[in-house]
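Below: one structure, written as structure tokens.
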Amino acid sequence: MSATVKSGQTTGRTTGQDNTARETASLRKKGATAGAARRTRTVRTAGGLSLRLDPRALWTGVLLLALALAAGVALIGSGDYPMTPSEVLATLTGGGDAGQRFIVQDLRLPRVLVGLLVGAAFGISGAVFQTVSRNPLGSPDVLGLTQGSSVGALAVIVYGQDGGFAVAAGAAAGGLVTGLAIFLLAWQRGIHGYRFVLVGIGVSAMLYAVVLFLMTKANIVEATRATTWMTGTLNGRDWDQVWPVAAVCAFLVPLLLGRGRGLRMLEMGDDAACALGVRVDRVRIVALAAAVLLVAVATAAAGPISFVALSAPQLARRLTRSPGPNLLPSALMGAALLVAADWSSQQLFGADQLPVGVLTGLLGGGYLLWLLVTERRAGRI
């Protein structure tokens, strides 16, 4: 009898503690939602349009843009012929002598522009993949898209096609074919996050084996050229690499920003998104297709630079503290990260001594370990 009473009391206390924990979690969630609502401001125009703005996210975007531009100016001023920021700005606005204009406009500005555009493309595409998969590890690096671009570029290099345009076209084609294959293999009455990530990891492992096979078929000159490209670098970039990436970003980045609301609804699940009037499959297909094309073109321009697409969306979300994919902050964060990493590699190791892909790989690997530990402690993996 006494044991029964004690058991009942214990059960009652446990049930009461569970109810209290659930109520506390519910109150915290409501408080966070209310806090997010208080931070959001609605702006209405005279034409009847309305726009919801988060002041913290807005200021974060402004600061990231300023950081990216400042890193670009510092990168232009670095090298064997150093220039001060004031000299760089004066040359960019039409001043400076003939030598300075040649160095800035013909040699260094294209490199910086490629870095900014490629970083933005990786950042916003990483945000799309992580949103669709609802997994912080769902980035082009993990899913195999960069490996697919590497296979395409290596196939062009090994089988004798010369010229940067041929290598870029092969990389873009490889990335697009890989993205299509992952999409078709993961499709089963829609795309689900974990299936999408698992299929991407499997395809990445297979493509890595293909990369190794192609390397064994290459001669010493081709292998050296392929290794340089696969490292990921901004060295030697000129206007021929700027215009294709700029044209693709000018078309696809606004397209993805216009799908921001739909992607934000997808984070709540397909059923909730459908109930809110979102065409789930259409939004997902358009967003993934645009992100795959961005990754393919960016990889073709600068090589498979790793971990920018993985870390930029996570860092942007932590700075903005805003729900949703944070597409524009992720793009700005990616641009700032890549250009700052390229400038750091030059300052630490000298001009053109360390490809930027090596530095992003070292820093991104440490960030990935930290992210895995954090997600594990939170019980999400």
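The first residue in the sequence is number 1, and the count goes up from there. No hydrogens, no waters, no symmetry mates; every other heavy atom, side chains included, goes into these values.
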Does atom CZ (R282) have a neighbourhood of more than 12 heavy atoms from anything else shown, all under 6.0 Å?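 Atom CZ in R282 is not packed in, count stays at 12 or less.
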Heavy-atom count check: over 12 atoms from other residues, nucleotides or ligands less than 6.0 Å from W59 CH2?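 Atom CH2 in W59 is not crowded, with 12 or fewer foreign heavy atoms closer than 6.0 Å.
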Side-chain heavy atoms of [X] within contact of [Y], under 4.5 Å:
X: L145; Y: F129; result: yes
X: T60; Y: R56; result: yes
X: V211; Y: M230; result: yes
X: R111; Y: D342; result: yes
X: L319; Y: P329; result: no
X: L256; Y: L294; result: yes
X: L67; Y: L63; result: no
X: M333; Y: N326; result: no

Check the pair V292, F183 against side chain to side chain contact (heavy atoms under 4.5 Å, CB included), reporting the backbone distance first and the verdict last. CA-CA 10 Å; V292 168; F183 183 83; over 6 Å; no
Using ring pair (Phe, Tyr, Trp, His ring centres under 6.0 Å) as the criterion, list what pairs up with W243, not counting sequence neighbours.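 Checked W243 against ring pair (Phe, Tyr, Trp, His ring centres under 6.0 Å); matches are W239.
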Side chain to side chain contact (heavy atoms under 4.5 Å, CB included) between L255 and V286: does it pass, once the steps are laid out? CA-CA 9 Å; L255 177 66; V286 171; 4.3 Å; yes
Distance in Å, [X] [atom1] paired with [Y] [atom2], rounded so as to fall on 0.5 Å steps:
X: Y159; Y: L154; atom1: OH; atom2: CG; answer: 10.5 Å
X: L212; Y: L207; atom1: CG; atom2: CG; answer: 11.0 Å
X: I76; Y: I103; atom1: CD1; atom2: CD1; answer: 12.0 Å
X: L69; Y: L332; atom1: CG; atom2: CG; answer: 9.0 Å
X: L293; Y: L252; atom1: CG; atom2: CG; answer: 5.0 Å
X: L143; Y: L198; atom1: CG; atom2: CG; answer: 10.0 Å

Keeping the roles fixed (side chain from [X], backbone from [Y]), state whether a donor-acceptor pair exists under 3.5 Å.
X: S344; Y: A340; value: yes
X: T299; Y: A296; value: no
X: Q105; Y: F102; value: no
X: T360; Y: S306; value: yes
X: Q130; Y: S139; value: no
X: S149; Y: A171; value: yes

Are [X] and [Y] in one and the same hydrophobic cluster, where Ile, Leu, Val, Met, Phe, Trp and Tyr link if side-chain heavy atoms are under 4.5 Å apart?
X: F251; Y: F122; result: yes
X: I201; Y: L180; result: yes
X: L92; Y: Y81; result: yes
X: L65; Y: L89; result: yes
X: I305; Y: Y208; result: no

If you measure only the distance, is there a donor-acceptor pair under 3.5 Å linking the side chains of T84 and S86?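 Distance-only check passes for T84 and S86.
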Ignoring hydrogens and geometry beyond distance, is a side-chain donor-acceptor pair present between S78 and Q347 at under 3.5 Å?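 The answer is yes; a qualifying pair exists.
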Show your reasoning for whether side chain to side chain contact (heavy atoms under 4.5 Å, CB included) applies to L75 and Q346. CA-CA 8 Å; L75 182 58; Q346 289 197 23; 3.5 Å; yes
Kindly give the heavy-atom pair with the smallest separation between [X] and [Y], and that separation in Å.
X: G119; Y: V308; result: O-CG1, 4.3 Å
X: I182; Y: G200; result: CD1-CA, 4.1 Å
X: V295; Y: S125; result: CG2-OG, 3.2 Å
X: G148; Y: T178; result: CA-OG1, 3.1 Å
X: S330; Y: P313; result: OG-CA, 3.4 Å
X: A57; Y: T320; result: CA-CG2, 3.9 Å

Might you work through the side chain to side chain contact (heavy atoms under 4.5 Å, CB included) test for T227 and M215, ending with a clear yes or no? CA-CA 9 Å; T227 302; M215 291 293 289; 3.5 Å; yes
